[in-house]
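Worksheet: the structure to be examined is printed underneath.
Given the structure is predicted, the values throughout are model-derived calculations rather than measurements.
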Amino acid sequence: MSSVSYFIGRSSGCRPPYVSPSERDQLRIDLLSDEAMKTSAIEGEMLDRLSVQSSLRRQLGLALDKYPSKPREQGVAEMMVDVYSTYAEPLTHETLFRWHEMLLSHDRRLEAVGAYRQHEDAMQIVSGRLDRPVVHFEVRHPRRFQTRWTGMSIGSTRPRRVRKNRYRR
């Protein structure tokens, strides 16, 4: 969490001696919970902010509050702490599986948690009514669908080379 501590000092415009440890911890909780809330909102999932903050306190070993932690919020908090404590490590399949398990271990409807799905059906992003769905995106071969996160392939610490379009004028 030293990188988060450095960021907290830099983003607040103060050097660490001017921020008390309790203020620094609260700022860390606020930053991580904001990130968790925004990330979840992208997926259309609304989390309980106080539950996320309580779970973050527990994950970081800080003084606990009396607010209850819910399973979904516990998973997001666990993942956020893991993301920020291992940000410099290469992105691997095992890392993705670990995050997936943290986020979805409470969901009993899923056939595979912490692994790639096994069936060959196309993965789709769908919206609209059930009787008239609109397919926005489809991946026919789930095994070929690899995360291309921030220009890096899984297991790599270097950005991938991008081919230039030869037909470009």
Side-chain angles (χ1 to χ4, degrees), residues 4 7 27-60 64-157 159-168:
V4 173
F7 176 72
L27 186 55
R28 181 182 298 156
I29 296 295
D30 290 342
L31 287 171
L32 291 174
S33 64
D34 284 347
E35 183 78 19
M37 298 299 290
K38 289 175 184 174
T39 300
S40 298
I42 289 170
E43 297 297 324
E45 191 170 355
M46 303 312 288
L47 300 176
D48 180 345
R49 179 180 296 277
L50 293 176
S51 182
V52 170
Q53 291 181 344
S54 180
S55 297
L56 283 166
R57 290 185 165 287
R58 188 171 290 107
Q59 288 294 321
L60 294 170
L64 300 178
D65 55 13
K66 300 215 185 296
Y67 203 82
S69 296
K70 300 171 187 170
R72 198 169 266 143
E73 284 80 353
Q74 287 174 3
V76 169
E78 185 179 3
M79 187 197 72
M80 293 304 297
V81 170
D82 190 64
V83 165
Y84 281 99
S85 62
T86 62
Y87 75 93
E89 295 177 15
L91 181 62
T92 64
H93 296 283
E94 289 75 25
T95 303
L96 290 176
F97 296 160
R98 187 174 67 243
W99 291 344
H100 191 248
E101 196 166 322
M102 289 173 187
L103 290 174
L104 299 170
S105 62
H106 66 278
D107 195 341
R108 302 291 176 223
R109 297 173 295 151
L110 296 175
E111 63 187 50
V113 175
Y116 290 118
R117 60 196 187 97
Q118 301 299 314
H119 57 84
E120 293 298 323
D121 297 342
M123 182 176 69
Q124 298 178 329
I125 307 296
V126 181
S127 70
R129 296 178 8 188
L130 292 176
D131 61 335
R132 291 193 324 203
V134 176
V135 177
H136 300 280
F137 181 75
E138 185 173 81
V139 177
R140 293 249 178 232
H141 305 285
R143 298 252 189 268
R144 293 185 196 164
F145 184 70
Q146 298 292 317
T147 300
R148 294 183 180 142
W149 200 20
T150 64
M152 294 186 183
S153 60
I154 294 179
S156 172
T157 57
R160 282 190 329 265
R161 294 177 70 189
V162 178
R163 284 188 179 173
K164 292 184 180 178
N165 187 348
R166 333 178 221 187
Y167 304 108
R168 192 173 170 184

**OP:** Mind listing the closest non-hydrogen atom pair of S51 and K70 along with its distance?
**Re:**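 The answer is OG-N, 2.9 Å.
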Original post:
What is the minimum heavy-atom distance between H136 and S127, and which atoms define it?
Top reply: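 Residues H136 and S127, closest heavy atoms: NE2-OG, 2.5 Å.
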Looking at [atom1] of [X] and [atom2] of [Y], how far apart are the two atoms once the value is rounded to the nearest 0.5 Å?
X: R58; Y: E78; atom1: CZ; atom2: CD; value: 11.5 Å
X: S69; Y: R57; atom1: OG; atom2: CZ; value: 11.0 Å
X: Y84; Y: L60; atom1: OH; atom2: CG; value: 12.0 Å
X: E45; Y: R72; atom1: CD; atom2: CZ; value: 4.5 Å
X: L47; Y: E73; atom1: CG; atom2: CD; value: 4.5 Å

If we ignore hydrogens and angles and just use 3.5 Å, is the side chain of [X] paired with the main-chain N or O of [Y] as donor and acceptor?
X: S54; Y: Y67; result: yes
X: Q53; Y: S33; result: no
X: S40; Y: M37; result: no

Does any part of the side chain of [Y], heavy atoms only, come nearer than 4.5 Å to the side chain of [X], both counted from C-beta?
X: R98; Y: T86; answer: yes
X: R49; Y: D34; answer: yes
X: V76; Y: T39; answer: no
X: V113; Y: D107; answer: no

Original post:
Between the side chains of T95 and T92, does any donor sit under 3.5 Å from an acceptor?
Top reply: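 Yes, T92 and T95 have a side-chain donor paired with an acceptor closer than 3.5 Å.
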